[in-house]
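Fair warning: this is a prediction, and the values are worked out from it, not measured in the lab.
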Amino acid sequence: MERASVCASSAGPPTPSLAAGRYAGRRSVSAWPVSGPRVLLGIIGLVLVVMVGPAVAVPSQALRVGGEPDYPPFSMLDEHGRPVGYAMDLVDALARVMDADITLRAGSWHALLEDLRAGRLDLLPFVGLSDARAAYLDFTVPIATTHGVVFVAEGGPVPRSEGELAALRIGVLREGIVHDRARGRPWGVALVPHPTLRLAFACLAERRCEAVVAPRLQGMTLLRRLGLSETIRPAGLVLDDFSLEYALAVRKGNHALLADLNGGLATLMTDGTLTRLNDLWLETTMPARGVPTPLVVGMAATGVAGFTAVLVVLVRRQRHLGEVAAQRHRDLHHERVRRRRADAEAAAILRVLPDIVLRLDADGRYVDCHDPEGMAMMPREHLLGRYLEEVLPAELAARVRAVMTRVAETGEVQTLDYDLTLPRGVGQRWFQARFAPFAEGGVVAVARDVSTARERSDQLTRAAAAIASASAAKSRFLATMSHELRTPLNAIIGFSQMMEAEVFGPVGAPEYRAYTRDIQAAGQTLLMLIAGIMDMAQVEAGRMTLIEADVDLGAVLAQRMALARPGAAETGTHVDMDPPDQPIIVRADAGLVQRMVENLVSNAVRFSPGGSVRLGARRLGTGGTEVWVADTGVGMTEDQLANLGEPFYQASPLVARPSGGFGLGVTLVREMIVLHGGELRYDSHPGEGTVARLLFPAARSVGDVAGGPHLRVVR
């Protein structure tokens, strides 16, 4: 059997080799003083070996086996640095039965357990059985049983109950069976995990820990080897339901190897090897007691027939299991091929991803890492197997653990934004990570470097601030220029009116009177433009406020219709309205409502020469109020409707320009109705006219006035 070299060494007396006759002088757990029953059972065992052996042996298997160099009596190093112990001898015996070549890999227990889980090892001997491990490991039949006990130091605290353990710092073997089982206990929050059991006892001896919980057999054996059995002893506290069973473990789903190992163990049981190993390594604290010869012979005589029948059944079942194992081996081969293809596809996808992809187990250890840009805190080979707190700053590690807890509780994807100062001269970077639950436990995280996007966001924020500052400066400029322009315009308009009226005498030639009218019209147009620009500036600066009152929409429409009719008559446009059956009252700014209706009516008249314009108002089923202005004019396309409302946009410049439109009216109407919590809508088609609608929300509707004055429209 081939073995890898083990680098660590262990103190203590040399351990005899199994091949060098170490059975001599050892005390048996259950010694029989007669040889007759042994001969009888030996013959039966030989028959079992002959019949079962061909069904379980797999020629020339190559198995990778893990061994911890400091876990007596199962695995340790002798004075020459060679691995010895119960586990090593059992693996040797199984290698001979299974005709297998064994490669031994030494390491810390939690690292070996992770290697087996990841497929880098085929077998771990003497693994404690637990529900958590059963999720990713398969076990043979149990081989040994011990009990978890509490070890305390001389002169230190001695807990009398499990409740007192919660107040102590308790050393355990990291990822050992005790660590696994203790997580569900109330005192499991006070655990101090160590890479080896030796370090856990050293922590107790140096008073850095106040107790150690470990399997009794391993703990007592190691204390004797360390010379600490006089100062560290079991506390006498019985941990309820803390019996620890040990078996050989393989990776979950490796049914073929599991069947071979169970078959090999059956062979070792029948040929007496397992009994000799138990006698050699698992010492008992009770004196050996002999069994009377007549009792043994009687028991053997009465049990041979039943045992033989059971033996036949076992042989047949073993052959059947061999066939099942062979089929499973073929199935596993196909599954491995499929998995290799899937892994190759996943690896190809990962190679093109610029993001960091991490996998963390449920305890917060790094299991895998994809880091194409070198943005992780350390190289991959140094990162794997470490806990979050060993890699990340304490505050960030706590935030990541909180996110992992939310993922475990909800099963949903969680997001975390964080900044990190990276080594190797990279400096501070900003990341956004998304965490999702992983099928085998823990989480998978995809972290993206968003430093560039954050810098762009900061630039946009600064640009927005600069734009806001420029907009404020523009508003101040317009307010100043408005005053400076309105003063001379008022003078121009006023003096031209006096000249047209010939207040101080005739102006002479009749052409001068026409000029004065042109001056008045141009001044009024310019004044309207300045007023519109100032209104826009007020809207953008948020300084336009509402002076609310109860407004009768029917009266406003009637007034606007009367004012629009003279100008409409010049272009042959007919203006009319549908009077409401009763007053329609809204809570609004009366001046802004008049301006909105006036603007919509003037637009409808401007774009409907020779046509008709109709006004109306009504209550909606939602409780809101609608004011509508419909015309039979040129209408608008979808592109024109999409841009309508933009400042200085003119849907039809050929019509608007001659009639004095500037493209600000619709924009102002939209902003004014938004101030009221409503909206402006347009329905239009080319050549079919346009309907403009002002929609006031239900909150602005005022109840109908019973018996109030009815609006009568004079046509």
Side-chain angles (χ1 to χ4, degrees), residues 1-8 58 60-71 74-75 83 87-88 91 94-95 98 100-128 130 132-140 173-177 179-180 195-196 247-258 260-261 329 332-333 335-344 346-347 350 357-371 376 378-387 438-442 444:
M1 183 182 73
E2 299 178 1
R3 286 180 175 172
S5 61
V6 181
C7 300
V58 179
S60 301
Q61 292 190 83
L63 298 179
R64 299 165 297 177
V65 180
E68 185 184 8
D70 197 11
Y71 197 61
F74 296 119
S75 58
M88 303 300 104
V91 170
L94 283 173
M98 297 170 59
D101 293 329
I102 304 295
T103 300
L104 179 63
R105 180 184 301 172
S108 63
W109 176 247
H110 69 278
L112 293 175
L113 197 62
E114 185 57 41
D115 284 344
L116 179 61
R117 183 176 182 177
R120 294 186 287 270
L121 289 176
D122 300 312
L123 170 65
L124 276 181
F126 289 98
V127 180
S130 72
R133 291 176 177 175
Y136 58 90
L137 298 177
D138 280 333
F139 297 94
T140 65
L173 172 63
R174 176 179 293 174
E175 303 304 327
I177 182 60
H179 191 190
D180 222 25
T196 65
L248 279 66
V250 300
R251 192 180 184 189
K252 189 74 173 180
N254 195 348
H255 304 295
L257 178 57
L258 188 65
D260 293 343
L261 292 172
H329 179 75
L332 285 173
H333 173 72
E335 177 64 16
R336 282 195 293 268
V337 172
R338 188 193 66 80
R339 288 285 299 271
R340 282 197 295 269
R341 291 175 180 172
D343 291 344
L350 279 178
V357 182
L358 302 169
R359 187 157 72 88
L360 302 167
D361 65 13
D363 293 327
R365 287 183 306 175
Y366 291 89
V367 178
D368 204 353
C369 173
H370 167 73
D371 182 22
M378 58 183 64
R380 181 179 185 275
E381 59 272 16
H382 298 157
L383 185 69
L384 299 185
R386 293 179 180 268
Y387 286 88
F438 197 71
E440 298 180 3
V444 60

So which heavy atom on Ser108 is nearest to which on Pro195, and how close?
-> CB-O, 4.2 Å
From Tyr366 atom OH to Glu114 atom CD, the distance as rounded to the nearest 0.5 Å | 14.5 Å
Residues passing the ring pair (Phe, Tyr, Trp, His ring centres under 6.0 Å) test with Phe74, sequence neighbours excluded, are Phe126, Tyr246
Are side-chain heavy atoms of His179 and Asp363 found at a separation under 4.5 Å?
-> no
Only one of Leu116, Asp115, Leu248, Val65 passes side chain to side chain contact (heavy atoms under 4.5 Å, CB included) with Leu124; say which it is.
-> Leu116
From Cys369 SG over to Leu384 CG, what is the distance, rounded to the nearest 0.5 angstrom?
-> 7.0 Å
How close do Met378 and His382 get, heavy atom to heavy atom, and via which atoms?
-> SD-O, 3.5 Å
Which atoms form the tightest heavy-atom contact between Pro83 and Leu104, and what is the distance?
-> CG-CD2, 3.6 Å
Are any non-hydrogen side-chain atoms of Leu258 and Thr140 less than 4.5 angstrom apart?
-> yes
Distance in Å, Thr103 OG1 paired with Leu121 CG, rounded so as to fall on 0.5 Å steps = 10.5 Å
Leu63 versus Leu94: any side-chain heavy-atom pair under 4.5 Å?
-> no
What pair of heavy atoms forms the shortest contact from Asp180 to Ser130, and how long is it?
-> OD2-OG, 2.6 Å
Heavy-atom nearest pair, Ala249 first then Leu137, reads CB-CD1, 4.2 Å
Nearest-0.5 Å distance, CZ of residue Arg64 to CG of residue Asp122 | 4.0 Å
Any side-chain heavy-atom pair of Phe438 and Val367 under 4.5 Å = no
How many angstroms lie between CZ in Arg386 and CZ in Arg365, if you round to the nearest 0.5 Å?
-> 13.0 Å
What heavy-atom pair brings Trp109 and Arg174 nearest, and what distance separates the two atoms?
-> CD1-O, 3.7 Å
In Å and rounded to the nearest 0.5 Å, what is the CG to CZ distance from Asp138 to Arg133?
-> 14.0 Å
